[in-house]
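The structure appears below as structure tokens.
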2 protein chains.
Amino acid sequence: MKLHNYFRSSASYRVRIALNLKGLDYDYIPVHIARGDHLAGPFAAISADMLVPVLEDDGEHFSQSMAIMEYLDETQPEPPLLPRDPVGRARVRALSESIACEIHPVNNLRVLKYLVRELKLDDVAKNAWYRHWVRVGLEAFERQLAQLPAGSSYCYGDTPTMADCCLVPQIFNAQRFDCDLNGLPRTMAAFETCMQLDAFRRAQPSNCPDAES
Amino acid sequence: MKLHNYFRSSASYRVRIALNLKGLDYDYIPVHIARGDHLAGPFAAISADMLVPVLEDDGEHFSQSMAIMEYLDETQPEPPLLPRDPVGRARVRALSESIACEIHPVNNLRVLKYLVRELKLDDVAKNAWYRHWVRVGLEAFERQLAQLPAGSSYCYGDTPTMADCCLVPQIFNAQRFDCDLNGLPRTMAAFETCMQLDAFRRAQPSNCPDAES
């Protein structure tokens with residue numbers, strides 16, 4: 001397997017965690033999206049949506065991090081990234097999408113570029129935007145966790161799921177932009193639990209071959 | 001089943017289509033999100049993330065449209081909203097997420113409100129924002145369709161999938177905001193094919209009990 005990705009892309013980080021959790025080896029192919037390398041050249045030829053990550057497996061190219069994690073879970077079922085029961089699966093997917101569909105898209109690199117280049121926002125206004133959506137989104141995430149049975153060490157149940165694969169990169173981003181993470185006890189407890197695991201630590205941006213400070 | 005939703009919410013429209021495709025009856029519970037009815041009162045009590053749609057089934061409440069469609073497909077498998085093979089499932093999920101994670105979140109109501117209230121954008125700038133993300137997103141969608149075998153009447157294969165459930169509401173929104181839909185032949189062909197079906201037509205915003213002009 002090959003993973004075309006970028007150290008700082010949180011969608012890439014999700015898939016790196018999932019691959020590690022499943023114990024799958026992969027070649028790390030860096031794509032420098034801050035420099036625009038995803039918009040032309042060899043990467044654009046394999047990626048119809050010109051976004052990272054792209055997983056290469058058996059000659060096929062797969063895009064969209066959530067779809068990739070589902071694909072991995074279907075083709076390499078152990079250990080599972082989703083519970084076995086439909087209600088549990090719906091809960092984990094909803095938690096995942098609370099990050100992947102509500103927080104991250106509004107704050108990704110191309111949106112921030114639009115804010116600066118087209119709307120002429122200064123750093124203060126851009127950071128306020130970023131922090132607003134992180135805070136609103138994580139508060140909604142916390143409310144969802146609070147409705148689940150107490151005692152889970154991870155987002156859902158006692159093993160890491162797709163929701164944890166989404167949460168950890170989002171918290172990394174939030175910390176990088178100095179977002180307020182107070183008052184999110186279940187969320188931050190899940191983050192801390194995940195960061196005890198080698199699968200999460202090894203996948204973090206600073207450990208990637210293309211990492212920059 | 002009950003669906004808490006709003007006629008103009010495209011995430012709600014996705015689930016209405018999915019329920020119709022599967023032939024499932026449901027009670028339509030309107031939540032007036034433009035008026036803020038999702039942020040307080042009875043809806044906030046059942047919805048941890050305070051977003052529509054919420055599906056009620058067997059006393060459980062489910063949020064996030066993509067997670068709800070997956071839940072329906074797992075608990076009511078026929079007719080399927082995803083292909084049987086993992087590669088096909090990954091393609092359909094990636095197409096779905098190209099809309100649900102790339103286009104729609106950047107243009108949803110709360111983001112547009114932030115643009116107007118916090119960033120003081122006028123209508124021209126707000127509409128330019130809207131049209132920009134729709135166009136960029138649908139061009140990426142079209143490129144993905146163009147890589148699939150020719151001859152599909154729908155987004156993927158010969159039956160409607162989750163990707164069509166996402167596409168049709170997005171095109172409705174694009175038309176409402178007068179977005180440029182030229183040069184998207186496969187995308188618009190899939191849209192037209194879907195709109196031949198009662199399941200898609202019946203679910204459209206103008207047919208909802210809470211529809212406003």
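Residue numbering restarts at 1 for every chain, and letters A, B, ... go by the order of the sequence lines.
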For chain B, which residues from residues 96-114 of chain A lie under 4.5 Å away (heavy-atom distances)?
A/Glu97, A/Ser98, A/Ala100, A/Cys101, A/Glu102, A/Pro105, A/Val106, A/Asn108, A/Arg110, A/Val111, A/Tyr114
Please state whether the side chain, the backbone, both or neither of A/Glu74 comes within less than 4.5 Å of a heavy atom of chain B.
side chain
Turns out that what part of B/Leu115 lies under 4.5 Å from chain A's heavy atoms comes down to side chain
Please identify, among A/Ala67, A/Gly137, A/Ala128, the residue contributing the most non-hydrogen atom pairs under 4.5 Å to chain B.
A/Ala67
Quick test of your reading: applying salt bridge (Lys or Arg N to Asp or Glu O under 4.0 Å), list the pairs with at least one residue in residues 154-163 of chain B, sequence neighbours left out, ordered by first then second residue.
none
Chain B contact via A/Leu95 - which portion, at a heavy-atom distance below 4.5 Å:
neither
Quick check on A/Trp133 against chain B: is it the side chain, the backbone, both or neither that has a heavy atom closer than 4.5 Å?
side chain
With sequence neighbours left out, the residues meeting side-chain hydrogen bond (donor to acceptor under 3.5 Å, both in side chains) with A/His32 are A/Glu212
Side-chain ion pair, A/Glu70 and B/Arg93, N-O less than 4.0 Å:
yes
Which region of A/Val136, side chain (C-beta onward) or backbone (N, CA, C, O), has a non-hydrogen atom less than 4.5 Å from a non-hydrogen atom of chain B, or is it both or neither?
side chain
Please list every donor-acceptor pair under 3.5 Å in which a side-chain atom of residues 54-63 of chain B meets a protein atom from a residue at least two apart or in another chain.
from, atom 1, to, atom 2, distance (Å)
B/Glu56, OE1, B/His4, NE2, 2.7
B/Asp57, OD2, B/Tyr71, OH, 2.8
B/Glu60, OE1, A/Arg91, NH2, 2.6

Contacting region of A/Leu121 [heavy-atom separation from chain B under 4.5 Å]:
side chain
